[in-house]
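In what follows, a structure is listed as structure tokens, so that the remarks can point back to it.
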Amino acid sequence: MIAQSRPFGQRYAFVVVAVIFFCLLIAAGLRSAPSVMMIPLEESFGWRRDVTSWAASIGILLYGLTGPFAAALMERVGMRRTLLGALLVMSGSTALSLFMTQPWHLFVTWGVFSGIGSGAVASVLGATIVNRWFKTNRGLVMGLMSASSATGMLVFLPLIASLAQSGGWKPVAIAVALATAALIPFVLLLVPERPASIGLVRYGADADDVPPVSPASQGNFLAHTLNTLRRAAGTRVFWYLFATFFICGFTTNGLVGTHLIAFCGDMGIPEVKAAGLLSLMGIFDLIGTTLSGWLTDRFDPRKLLGVYYAIRGLSLIYLPYSGFSGTSLIIFAVLYGLDWIATVPPTLRLANEAFGDRSGPIVFGWIVAGHQIGAAAAAAFGGTMRELQGNYELAFLIAGMTGIAAACISLLINTSRPAFDPEPQAA
């Protein structure tokens, strides 16, 4: 049992944020690992890049589709239980991959199980923590937690790329499995279910604050999750947010996260150096996404999204013509890195404005599912284009054009009226 008291008063919310930050960081490291395992797996087993790309694609897809159900499950059985179960699945699946000998083993371990596990340790977890623990400063905190995926690249990619280059894919799997398992005691000891569990109220709230209770806390959480999707899908704002986040996933971890290292390899750039490029993006995204959270608390999130997607699209169009010199790659890393996932805080704010604090996290989970469907499509698309054409040029140009389209769609979003009437409060 968790002790019923904690130091720091309302500021204990930031202790919870710190633990969740590291959980999100490790999940990001797991999801980025296939990008550095692609060439070692080809060398060890002879598996072509389209095979490993499809395995990564399945993991990315399930990562997204798990999100909305995980958000409802956190309300029904508890956030701590859901998170602990997810960490166990992540650690176990990556450890089991050490024994794989056939492509379907890769699909099951790094595709199905790691996708489901990491899907519960994703943006929906951040949204749940923000809504449960914070009354104010939500954009800033969500920006900080969203930036953890960039920090995951910053911390993990150079390390696992070095492990892959010197020892093949197995040391990568071992490192991810151990890092994930190491988080379990921290969650057990430091993360209460909610502020009321330790006699607190949300950060920035008055002493009589009563947080909204999600309808998912009672009844069938699967039915509620699907019903929330049905109601949200009847609104225009949901489809605008879904479309922009589909493109967000297509242009980030789906294409760049999965294929940039291989693209650089085609251009004669070693794995460790290419992983360092992604790490540089991680540094600038840590800055950009945290700043995006601060801006989201103060400015129109639609205009912020328009700027972010436009910059991203232009960066991707620039890359194939950059010459891949050291200077040009640094320019790309800075421009692209600043808004890698800077789109998350304004998208969450728009979802909460349109669907309310009670339904917002689950609707946001479905929007994140759109992100991961886009990412899965790009992961498979990039590998297929590479096999068909022998290069990645057209794949990156198409992705850049979708970024420009997302910038235009963002400006059409209107949350001035509630998207649907709130469900009755649970008794």
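By the side-chain contact (heavy atoms from CB on, under 4.5 Å) test, S162 pairs with no residue at all, sequence neighbours left out. Under the rule for a ring-ring contact (aromatic ring centres under 6.0 Å, His included), W104 has no partner lying at least two apart in sequence or in another chain. Considering only residues two or more places apart in sequence or on other chains, R81 meets the side chain to side chain donor-acceptor pair (under 3.5 Å) condition with none of them. Under the side chain to side chain donor-acceptor pair (under 3.5 Å) criterion, S328 pairs with S325, sequence neighbours left out. Every side-chain contact (heavy atoms from CB on, under 4.5 Å) that V334 has, sequence neighbours left out, goes to F284, I330, L338. Taking the side-chain contact (heavy atoms from CB on, under 4.5 Å) definition, one finds that T109 meets it with L96, S97, M100, sequence neighbours left out. Not counting sequence neighbours, the partners of E393 by the side-chain contact (heavy atoms from CB on, under 4.5 Å) test are P320, N391. Listed by chain and residue number, nothing satisfies the ring-ring contact (aromatic ring centres under 6.0 Å, His included) test with F22 (two or more places apart in sequence, or in another chain).
R80 contributes a side-chain N or O that, together with a main-chain N or O of V191, makes up a donor-acceptor pair within less than 3.5 Å. The closest donor-acceptor contact from the side chain of S114 to the backbone of M90 lies at 3.5 Å or more, if one exists at all. A donor-acceptor pair is defined here as one N or O able to donate and one able to accept, closer than 3.5 Å; no such pair exists between the side chain of E193 and the backbone of G78. One N or O on the side chain of T289 and one on the backbone of D285 form a donor-acceptor pair closer than 3.5 Å.
The structure places SG of C23 at 5.0 Å from CG of L87, a figure rounded to the nearest 0.5 Å.
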- Step by step, would you call W366 with F69 a ring pair (Phe, Tyr, Trp, His ring centres under 6.0 Å)? CA-CA 9 Å; W366 283 114; F69 295 98; 5.4 Å; yes

- Message: Pair R349, N352 - check side chain to side chain donor-acceptor pair (under 3.5 Å), show working.
- Response: CA-CA 5 Å; R349 177 180 160 185; N352 281 337; over 6 Å; no

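Here H371 and F246 keep their ring centres 6.0 angstrom or further from each other.
For residues 375-391, the set of pairs meeting the salt bridge (charged side-chain N to carboxylate O under 4.0 Å, His left out) definition, not counting sequence neighbours, comprises D266-R386. A ring-ring contact (aromatic ring centres under 6.0 Å, His included) check over residues 105-140, counting only residues at least two apart or in different chains, returns the pairs F14-F134, F134-Y203. Each salt bridge (charged side-chain N to carboxylate O under 4.0 Å, His left out) pair with one or both residues in residues 286-308, not counting sequence neighbours, appears once here: D300-R302. Listed by first and then second residue, the ring-ring contact (aromatic ring centres under 6.0 Å, His included) pairs that reach into residues 304-331 are F263-F324, sequence neighbours excluded.
A tilted orientation is assigned to the rings of H259 and Y392, their planes being inclined by 30° to 60°.
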